[in-house]
Amino acid sequence: MPAKSSRARSVMETRDRILDVALDLLGEKPDAGMGEIASTAGVVRRTVYDHFPSRLDLVRTLTERAVAEMTAVLAEVNASDAAADAAWVEFIARVWPVAHRYRVLLALRRGEYGETIHALLGPVDELLADLVKRGQGDDVFAHHLPAGLLSQLAYGVVFAIADSDFANGTLDARAATIASLLMLGVPETHAIALADARS
């Protein structure tokens, strides 16, 4: 049993390493192939294909992992008694540390796997829209766009900042929070106050 358990652990560690490498590599080169991912992960191509029979399987798994993380945070934030704008700030603060990892999904969502990624991200999109709709109902978020579209724009800003700032790291969660709140129609002074209160 111990030998079997050790083998299973090794297999899972290899799988996780491939996923981590794929996130980083595809973030820099969205068109990177399975061979390049294998080489960077320090394994042979066959090992990658043993875990992920196709590039689509790999992308799907990356997306599912992102969705699991983000929906868990969003569900918890939405369940709180906090006002919608404060809940949004909390969500961004908790997602920011992993935003640079999942920024790759924005690039891949625009490519050949767009339909698959869009479908998998459905639960995240719905939870974001619900939060923005709640904020619109309380008049803390703007009404100039439907909640679904407004939430995507505000959320996209966070990933855009994470993507553009990945190399030098001069921007932080505060900058992403304020920018996204401004997209949601929150007055600048209040956006800054909310971000500073969470810092």
Side-chain angles (χ1 to χ4, degrees), residues 23-24 26-27 59 62-110 114-199:
L23 271 175
D24 289 339
L26 291 172
V59 169
L62 291 175
T63 306
E64 288 169 348
R65 193 161 79 166
V67 168
E69 285 192 41
M70 289 187 280
T71 52
V73 173
L74 266 170
E76 191 176 324
V77 165
N78 275 342
S80 74
D81 294 329
D85 51 1
W88 182 274
V89 170
E90 181 65 21
F91 170 63
I92 300 305
R94 292 175 60 180
V95 165
W96 178 257
V98 297
H100 72 279
R101 286 166 50 197
Y102 294 127
R103 73 198 192 286
V104 63
L105 296 180
L106 291 184
L108 295 175
R109 196 175 191 174
R110 294 189 291 267
E115 193 173 327
T116 298
I117 293 173
H118 182 73
L120 290 170
L121 286 174
V124 175
D125 294 342
E126 288 176 22
L127 286 168
L128 283 169
D130 288 345
L131 179 54
V132 171
K133 193 177 296 182
R134 178 156 68 91
Q136 289 177 325
D138 294 338
D139 287 325
V140 296
F141 294 153
H143 297 264
H144 61 288
L145 290 171
L149 179 55
L150 189 58
S151 64
Q152 290 303 305
L153 290 172
Y155 190 45
V157 164
V158 176
F159 279 97
I161 291 173
D163 191 20
S164 66
D165 194 54
F166 184 58
N168 55 35
T170 57
L171 298 176
D172 56 14
R174 180 179 181 273
T177 300
I178 293 169
S180 65
L181 286 171
L182 292 175
M183 290 293 295
L184 290 167
V186 177
E188 184 176 7
T189 53
H190 187 51
I192 292 171
L194 283 168
D196 287 344
R198 179 57 177 78
S199 298

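In terms of heavy atoms, G135 sits closest to A84 at CA-CB, 3.4 Å. Closest non-hydrogen pair, A175 versus I161, comes out as O-CD1, 4.0 Å. Listed here is the closest heavy atom pair of L181 and F141: CD2-CE2, 4.4 Å. Residues A154 and S180 share a closest heavy-atom pair of O-CB, 3.3 Å. Residues A82 and A87 share a closest heavy-atom pair of CB-N, 4.3 Å. Here the shortest heavy-atom pairing between A142 and Q136 reads O-NE2, 2.8 Å.
No option in L194, T189, D196 other than D196 meets the side chain to side chain contact (heavy atoms under 4.5 Å, CB included) test with I192. Of the candidates L153, L184, L149, V140, V132 forms a side chain to side chain contact (heavy atoms under 4.5 Å, CB included) with just one, namely L184. Tested against N78 for a side chain to side chain contact (heavy atoms under 4.5 Å, CB included), the candidates V73, L127, L128 yield a single pass: L127.
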>> side chain to side chain contact (heavy atoms under 4.5 Å, CB included) for E69 and R94? Distances and angles first, verdict last.
In response: CA-CA 10 Å; E69 285 192 41; R94 292 175 60 180; over 6 Å; no

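Here the side chains of R134 and D130 are not in contact, with every heavy-atom distance at 4.5 Å or above. Side-chain contact between L62 and L26 is present, with heavy atoms from C-beta onward closer than 4.5 Å.
To the nearest 0.5 angstrom, M183 atom CE is 11.5 Å from Q152 atom CD. Here CG of L121 is found 10.5 Å from CD of E64. Values are rounded to the nearest 0.5 Å. Rounding to the nearest 0.5 Å gives a distance of 14.5 Å between CG of L120 and CZ of R65. W88 contributes atom CH2, which lies 6.0 Å from atom OG of S151 (distance to the nearest 0.5 angstrom). T177 contributes atom OG1, which lies 6.0 Å from atom CD1 of I92 (distance to the nearest 0.5 angstrom). For the atom pair CG of D172 and CD1 of I178, the computed distance is 8.5 Å after rounding to the nearest 0.5 Å.
Residue-environment remark: NE2 (H118) stays at or below the threshold of 12 foreign heavy atoms within 6.0 Å. Counting non-hydrogen atoms of other residues, nucleotides and ligands closer than 6.0 Å to CD of E76 gives a total of 12 or fewer.
Aromatic ring orientation, F91 versus Y155: tilted (interplanar angle from 30° to 60°).
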